[in-house]
Amino acid sequence: MDDLFYASLKDVDRDVFDAVSSEEVRQEGINLIASESLTSKAVREACASVMTNKYAEGYPRKRYYGGCENVDVVEELAIERAKKIFGAEHVNVQPHSGTQANLAVYLAVLQPGDKILSMELSHGGHLSHGYKINESGKIYRGEFYTVNKESGMLDYNEVLARAKEVKPKIIVCGYSAYPRTVPFKEFGEIAEEVGAYLMADIAHIAGLIGANVHPSPVAYADFITTTTHKTLMGPRGAMIMCKEEYAKDIDRAVFPGTQGGPFMNVIAAKAVCFKENLTQKRRNMNAQIVKNAKSLANKLTTIGFNLVSGGTDNHLMLADLTNKNLTGKDAEAALQAAGITLNKNTVPYDKQSPFVTSGVRIGTPCVTVRGMNEGDMDKIATWISDVIENPSDENMRSKIKSEVAELCAKYPVYK
Ligand code: DSN
């Protein structure tokens with residue numbers, strides 16, 4: 001081995017080392033991005049392990065490469081633990097991302113041109129649910145349902161009527177920006193009535209489901225996909241769960257259908273995060289994520305914010321800023337300048353473009369993981385309000401920025 005092989009990142013590549021160090025500092029700020037979380041040291045150790053070196057096309061004990069005895073152990077552990085968390089019959093832990101997982105399900109059961117019925121993107125859906133600029137909408141035909149205009153919530157009769165009109169091959173439920181409980185049972189009934197498969201994309205709420213603070217789709221959905229890096233607090237990646245009768249089709253659709261070699265270091269980290277999710281500590285944490293979201297939503301409502309659907313049942317809320325005369329884009333920038341990171345987001349029936357938007361999405365996973373509680377949510381709500389009501393007041397922003405730093409110092413992420 002040469003010297004380069006043993007040298008540390010700091011010595012080999014100062015540019016990358018500095019960017020990583022700055023990212024560590026940035027992550028000590030307030031992060032309200034609903035789709036992000038923080039990984040444990042153990043998860044990060046597995047991610048950075050020597051398993052990154054191993055090719056393992058195939059599945060445990062049926063590989064196309066020699067030397068897979070150790071990676072087989074971690075893949076089997078990941079599968080077994082995921083089954084335990086969710087009570088699923090079959091699990092595939094190889095998908096590299098949520099979009100890859102969704103595409104594999106479509107490949108397993110759809111033919112080109114078949115119809116996917118899912119939530120309209122601007123109402124909280126996802127690109128990979130049949131949207132036309134994504135492969136899912138190029139190969140298959142995306143048709144969409146919406147939330148009810150008055151309530152901002154899903155309406156069973158409206159979705160059923162749309163399903164009867166579209167006659168889809170698959171219905172997708174589970175969202176990126178829906179603050180309410182997903183009615184999986186009702187979706188199961190609708191899918192049965194129109195003879196469609198049901199796929200639940202639980203990426204955002206998987207940790208909440210594992211902790212029993214959101215109902216599970218397992219009894220109703222044919223296929224369940226999720227990323228592992230949101231409320232599950234695992235590495236960036238995904239998995240698919242399904243009934244045993246679809247196991248072979250799903251496995252074939254992942255490999256060799258849509259992917260080659262699995263990322264075995266990431267699968268090792270998935271196994272670790274699933275073990276963590278089986279503990280009472282993680283269940284409590286997911287319950288606290290929901291409590292904090294409710295608390296933040298209540299405070300924001302009290303001080304004059306319009307939340308889509310009037311509040312939240314899960315880890316996120318959508319604030320409609322139309323009454324504040326500020327776009328989501330400008331609110332995101334103003335809050336960032338005050339040390340608060342979140343993302344602009346369309347609200348249902350938005351008149352602004354997806355790049356500008358009328359709203360912001362606010363999520364509580366990251367602040368909860370580091371230990372913040374309901375009292376801290378009150379402070380965060382007040383800062384959000386002060387910044388949004390005074391978007392060009394730089395003095396106010398810098399005052400808030402130091403208060404934010406003070407609160408964050410009480411809850412360090414990387415000790
Ligand atoms: N899952 C999306 C989000 O909610 O941020 C990104 O694809």
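Ligands are counted one by one from 1 in listed order, and the atoms in each one are counted from 1 as well.
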Atoms in ligand 1 with a heavy atom of Arg361 nearer than 4.0 Å: 3 (C), 4 (O), 5 (O)
Electrostatic pair Arg236-Glu36, nearest N-O below 4.0 angstrom: no
Atom 2 (C) of ligand 1: nearest protein contact (heavy atom, Å): Ser176 OG, 3.8 Å
Residues which pass salt bridge (Lys or Arg N to Asp or Glu O under 4.0 Å) with Asp376, listed by chain and number, not counting sequence neighbours: Lys379
Contacting atoms of ligand 1, where contact means under 4.0 angstrom from a heavy atom of Lys230: 1 (N)
Test side-chain hydrogen bond (donor to acceptor under 3.5 Å, both in side chains) applied to His126 and Asp201, step by step: CA-CA 9 Å; His126 193 261; Asp201 179 341; 5.2 Å; no
Heavy-atom side-chain contact between Met239 and Thr225 under 4.5 Å: no
Residue and atom name of the nearest protein heavy atom (relative to atom 5 (O) of ligand 1), distance in Å to one decimal: Ser35 OG, 2.8 Å
Atom 7 (O) of ligand 1 - nearest protein heavy atom and its distance: His126 NE2, 2.8 Å
Neighbour count above 12 (heavy atom, 6.0 Å) for Glu374 CD: yes
Contact partition for His229 relative to ligand 1, non-hydrogen atoms under 4.0 Å: neither
